[in-house]
Amino acid sequence: MSRTLFLLLLALFAALPALSAEPAAPTAAVCAIRHQDQLLLVQDRISSRYSLSGGYIDGDERPEQAALRELYEETGLRGEIVADLGRWQKAQVFACRTLEPIVAQQDSDFVSQLQAPNLGGEILNARLIAVDKLPREQRRFPDQLDWLQARLDQLPESEVRWQADFVAQGNALHQVEIPLMQRLQQWLGPDVWWLSVSNLFGSGGFQLALIPLLLPMLGWPRLRQLLFAMLWLGLLVQASKEGIGWPRPFHLQPLLATHSAQGFGMPSGHTASALLFWGALLGWLWPARRGRAYSLALLLALTTGLARVWLGVHFISDVAVGLLIGALLLAVRPYWRLDQRSSAWGLLVAAALAGAGLAQSAHLAGIGLAALGLWLGGRASLPRDGYPALRTGIVALAGMLLIGAGLWALPLLTSSSLTILLGQFVLFFGLGLWLSAGLWWILVFWQCDTHPKGKCSDKGTL
């Protein structure tokens, strides 16, 4: 009995500091904005689900400042705090009202984001949505909206200015292109299978999926050259997007969008990538008919560009500039041999990571980390030829499937944007490291285990 009493007293004294401690400060702040029975919700890039506008509190900010800053960064709207609705988990939720009318499209309820500083970077779109009409699987934080539903009467009304579209807010070139794109979509129709296939030609994911096939076919030196050129292309395209800052067609006319896309529009990365990737690949496969190879690559790039216009994610001018960038990098093909120099990789990594810091671009950070993985892995002393083609392809595919599964699973495992972003960065770095060192290290051990009497004493140094 006394022993039990002693343990209870000990547990009580141990719990006293926690009971008397002040609650932890909030780490995030959120703005809740209402128009009639609808809330202003944003669809984030990472999870593709809807939530209130908000984000993490910077070290020198008050929660009120963070909530209004996030509102402006994500939607381009200026607001004011009307009331503190309290805490939901680690986020401080505020009742806010916009200082100017919300510009929204009739029927679709899309909200114009053209004034947002990082248009399409973190947020795919913003909409006015009634909570009871939003399915739970489309909510990023389902319980948060349920929690807020009981407090809707505390939210002030924000004014909305309804418009047919946002075309008048675009530049003169885009105002000319929008009607052309609408006619093109009407002429081609909604279901064009060959354009859906053509869109894949410029997809980075599709091109990466071909690596297990291309590696045994081309060999590591050529594949490394291609990856080097494609990373430089990604850097130039993304830096141009951030610098030019032009919207995508659906930012001006939401009804044009038949496919989702993120970030700024100019230039078209799919089009540039299609020309460079297929131009390099077909040029290597048909060295005696390089002119014909480049013509076919140009045709593939043009159909990719047409697909991007048809999908409503790029203007015609975006496609034209994308073709130009792809052609320029293809023209300097002899300089791709700089991939053998550490200084060239170091410059690529430094430029991408510096650009990521200046533009706060996750795309540029991903490019820099993938290049860093390729560079560091390439410094490992490992034999990278002489393995059976099928075995090489299988090992490459296995590692890439694991990395792809990780990228797919991250948004399902956590709702924290920071955790998802850091996980993606680790996986991008891991992809570069896997292609340049990991798969070769496994192939060395596989070959030595299969032929134990062979000359396998040196299995490489990582």
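Fair warning: this is a prediction, and the values are worked out from it, not measured in the lab. We're numbering straight along the sequence, starting at 1.
Between Leu71 and Leu40 there is a side-chain heavy-atom pair separated by less than 4.5 Å. The closest side-chain heavy-atom distance from Leu252 to His174 is below 4.5 Å. Two residues are said to be in side-chain contact when any heavy atoms from C-beta on lie closer than 4.5 Å; Arg69 and Glu61 meet this criterion. A 4.5 Å side-chain heavy-atom check between Ile33 and Phe94 finds every atom pair outside the cut-off. Inter-residue side-chain proximity for Met217 and Leu285 is flagged as met; some heavy-atom pair is nearer than 4.5 Å. You'll find the side chain of Tyr294 stays beyond 4.5 Å of the side chain of Leu275, heavy atoms only. Using a 4.5 Å cut-off on side-chain heavy atoms (C-beta onward), Arg391 and Ile394 make no contact. The closest side-chain heavy-atom distance from Ile325 to Thr271 is not below 4.5 Å.
Both tests do not hold together for Arg292 against Trp286: distance to the six-membered ring centre under 6.0 Å, angle to the ring axis within 45°. Taking the ring centre of Trp284 as origin, the terminal cationic atom of Arg333 falls inside the region bounded by 6.0 Å and 45° from the ring axis. Geometrically, Arg139 does not engage Tyr50 in a cation-pi contact defined by less than 6.0 Å to the ring centre and at most 45° from the axis.
With Arg140 contributing its side chain and Arg49 its backbone, the two residues share no donor-acceptor pair below 3.5 Å. Between the side chain of Lys90 and the main chain of Pro26, no donor-acceptor pair closer than 3.5 Å is present. The closest donor-acceptor contact from the side chain of Glu177 to the backbone of Phe315 lies at 3.5 Å or more, if one exists at all. Side-chain atoms of Asp146 never come within 3.5 Å of backbone atoms of Asp143 as a donor-acceptor pair (strictly under, hydrogens ignored). Within the 3.5 Å criterion, the main-chain N or O of Pro383 finds a donor-acceptor partner in the side chain of Tyr387. Between the side chain of Trp336 and the main chain of Leu329, a donor-acceptor pair closer than 3.5 Å is present. Of the possible polar contacts, one joining the Gln175 side chain to the Gly170 backbone as a donor-acceptor pair under 3.5 Å is found. Here the side chain of Arg248 pairs a donor or acceptor atom with the backbone of Val313 at under 3.5 angstrom. Side chain of Trp246 to backbone of Asn171: no donor-acceptor contact under 3.5 angstrom is found. Not a single donor-acceptor pair under 3.5 Å links the side chain of His314 to the backbone N or O of Met266.
Closest of all the heavy-atom pairs between Val321 and Pro267 is CG1-CB, 3.6 Å. Closest heavy-atom contact between Trp446 and Val395: CZ3-CG2, 3.4 Å. Closest approach of Trp345 and Leu231 over heavy atoms only: CZ3-CD1, 4.0 Å. A pairwise comparison of heavy atoms in Ala126 and Thr75 identifies CB-CG2, 4.4 Å as the closest pair. Closest approach of Asp60 to Gln65, counting heavy atoms only: O-OE1, 4.2 Å. Shortest non-hydrogen contact noted between Val309 and Gln185 is O-NE2, 4.3 Å.
More than 12 heavy atoms of other shown residues, nucleotides or ligands fall within 6.0 angstrom of atom CG in Asp132. Other residues, nucleotides and ligands contribute only 12 or fewer heavy atoms inside 6.0 Å of the CG atom of Asp385. A 6.0 Å sphere centred on CZ of Arg136 holds more than 12 heavy atoms belonging to other residues, nucleotides or ligands. Applying the 6.0 Å contact sphere to CZ of Phe206 captures more than 12 heavy atoms from other residues, nucleotides or ligands. Residue-environment remark: CZ (Arg289) stays at or below the threshold of 12 foreign heavy atoms within 6.0 Å.
Between Trp232 and Phe228, the angle of the ring planes goes over 60°, which puts this pair in the perpendicular group of the 30/60° scheme.
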What's the verdict on side-chain contact (heavy atoms from CB on, under 4.5 Å) for Leu52 and Cys31, showing C-alpha distance, side-chain angles and the deciding distance? CA-CA 7 Å; Leu52 297 170; Cys31 253; over 6 Å; no
Between Glu74 and Ser53, is the side-chain hydrogen bond (donor to acceptor under 3.5 Å, both in side chains) condition met? List the steps. CA-CA 7 Å; Glu74 294 180 348; Ser53 175; 2.9 Å; yes
Determine whether Val131 and Leu41 satisfy the following criterion, side-chain contact (heavy atoms from CB on, under 4.5 Å), listing intermediate values before the conclusion. CA-CA 9 Å; Val131 174; Leu41 301 178; 5.5 Å; no
Where do Asn199 and Leu195 land on the side-chain contact (heavy atoms from CB on, under 4.5 Å) test, with the steps shown first? CA-CA 6 Å; Asn199 185 53; Leu195 281 177; over 6 Å; no
Check step by step if side-chain contact (heavy atoms from CB on, under 4.5 Å) holds for Val197 and Thr303. CA-CA 9 Å; Val197 173; Thr303 57; over 6 Å; no
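Rounding to the nearest 0.5 angstrom, the gap separating the CG atom in Leu369 from the CG atom in Leu353 is 5.5 Å. For the atom pair CZ (Arg222) and CG (Leu227), the distance works out to 14.5 Å, reported to the nearest 0.5 Å. Atom CG of Leu210 is separated from atom CG of Leu281 by 8.0 Å, given to the nearest 0.5 angstrom. Atom CG of Leu276 and atom CG of Leu323 lie 12.0 Å apart (nearest 0.5 Å). With rounding to the nearest 0.5 angstrom, the CZ atom of Arg384 is 12.5 Å from the OG1 atom of Thr392. Distance check, rounded to the nearest 0.5 Å: CG of Leu300 to OG of Ser295 gives 11.0 Å.
A centroid separation of 6.0 Å or more is found between the aromatic rings of Phe166 and His251.
A donor-acceptor contact closer than 3.5 angstrom is absent between the side chains of Gln182 and Gln186. Side-chain atoms of Ser436 and Arg224 include no donor-acceptor pair closer than 3.5 Å. No side-chain N or O of Gln144 forms a donor-acceptor pair with one of Ser51 less than 3.5 Å apart. Of the N and O atoms on the side chains of Gln340 and Gln225, not one donor lies less than 3.5 Å from an acceptor on the other residue.
Scanning for ring pair (Phe, Tyr, Trp, His ring centres under 6.0 Å) contacts around Phe277 gives an empty result, with sequence neighbours left out.
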